[in-house]
Engineer: 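So that we are looking at the same thing, I have put the structure below in structure tokens.
Please read all numbers here as calculations on a predicted model, not as lab measurements. Basis for what follows: all heavy atoms, side chains included, without hydrogens, waters or symmetry-related copies. Start at 1 and go down the list; that is how both ligands and their atoms are numbered.
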Amino acid sequence: MYVCGPTVDNLPHIGHGRYNLVFDILRRYLLFGGLAVHYVSNITDVDDKIIKRAAEEGRTEPEVAGEYETRWWEAMDGLGVLRPDVSPHATAYIADMVALVADLIRRGVAYETSDGVYLDVSQVDGYGLLARQSLDSLRAGARVEENEEKRSPLDFAVWKMAKEGEPSWDAPWGAGRPGWHTECVVMSLDLLGDGFDLHGGGRDLAFPHHENERAQAVAEGRPFARHWVHNGWVEVEGTKMSKSLGNFTSLTDLLSRVDERAYRLLVLRAHYRSPIEVTPETVADAEKALERLDGMARRFGLPDLLERSERGYVVAGEGDAVGIDEDALASFRARMDDDMDTPGALAGVFELVTAAHSAADAGAENEVQRLARTAAVLAAALGLAVRGGAAEVDEAAAKLVAERDEARQAKDFARADALRDELVSLGWTVEDTPGGTAIRR
Ligand SMILES: [Zn+2]
């Protein structure tokens, strides 16, 4: 799999989180089925936006890119997204990109102008495949071109000539840097080989980014990706993001405020090609659903399979002593194999949760473990950890709990609320029960 990675010029936003979750879920499902997956996702570490930020902040481009790449991995780790097997950096592939551009010129598919080298898309068979439009209809919809040296407004830069003060690399046709579309085609073919299985990215990348990657491979006579997967948008209350509306402004912000599994669950609830809405309400709703999973794990004493797995993912049938519910597994697979129907697959997991509770209430003990365990395994197959382990309540937390119960008995609710906030800030979930304050991680 090749999944287009980030340009590291800023903090990751919520849309970055979604596409990484979508492809993490797909990757995990393939691994769960016993397939070997080689996952490549690039880092664009040279780009207009990085150059601009570096200039504004009086830093070098590598400093800016280095900082935001670190923040990127922190956020992805926080989301529970498996790291790529390889994450190539664009700047490490410049020589290969120069070689590709040289070859495209030699073949007469690319041409030089004063500001860069462009690919002549009219020479590419099937251009418009990913846009799902013909070349003629793409031409009709294209913007009026300002650069008069370009043969068609659809032609795209495979090389941009250097401007004053910008980072640049030498090339026979003039110093500069490669176009973004050239980056991904070179790195994906180098690391995965001709005719690799799957190329993914957000829906906005289908055209022109992926179209143009493909165009270069076709012009070179090389088989490119055999399957394309594009995920849908993220909508934030249908309006612009704003802190005053209580929206989540960045992925880092979201992760600091909610259980990181809630976003994965929210993503799973929608088909990957559909838009999702990320609002305080939809996130809170996802957290409630998580609580159903964790509540099941607490009641039946299930371990967190993902935490226990050294590789960070689960494989069907592995270490399954209790025995899985084969019908539930088959229906889970049928749903996932149907163009990744995660809403259906997740609904199946929750049906198992309900069934496990019913079996326990009816005293059918032998059923309970099988159903509950199957729910946990299938959730883990989607990367969703089920956490029932009651964390040890440390002395400091126990003291706060006791103080809070005293405050409540004395009807000092302001103090009780302050103690609750203190517990929450220490990472505890606080519940009022008939027996007093109950806390859990
Ligand atoms: Zn790309």
Engineer: Do R71 and Y68 meet the cation-pi criteria used here (NZ or CZ under 6.0 Å from the six-membered ring centre, within 45° of the axis)?
Structural biologist: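 Geometry flag: not set, cation outside 6.0 Å or 45°.
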Engineer: Once salt bridge (charged side-chain N to carboxylate O under 4.0 Å, His left out) is applied, what residue pairs with a partner in residues 181-196 remain, sequence neighbours excluded?
Structural biologist: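 Output for this query lists D194-R222.
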Engineer: Between R298 and D294, is any pair of side-chain heavy atoms under 4.5 Å apart?
Structural biologist: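 They are in contact (side-chain heavy atoms under 4.5 Å apart), so the answer is yes.
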Engineer: How are the rings of Y29 and F332 set relative to one another: parallel (under 30°), tilted (30 to 60°) or perpendicular (over 60°)?
Structural biologist: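 Ring orientation, 0 to 90° scale: perpendicular.
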Engineer: Using the six-membered ring wherever Trp is involved, compare the ring planes of H210 and W228 and label them parallel, tilted or perpendicular (cut-offs 30° and 60°).
Structural biologist: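 Correct class here is tilted.
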Engineer: For the Zn ion (ligand 1), check which protein N, O or S atoms are under 2.8 Å away and list them.
Structural biologist: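 Checking every protein N, O and S atom gives C4 SG, C184 SG, H209 NE2.
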Engineer: Report the relative orientation of the aromatic rings in F196 and F224; use parallel for angles under 30°, tilted for 30 to 60°, perpendicular for over 60°.
Structural biologist: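 Rings of F196 and F224: perpendicular, as their planes differ by over 60°.
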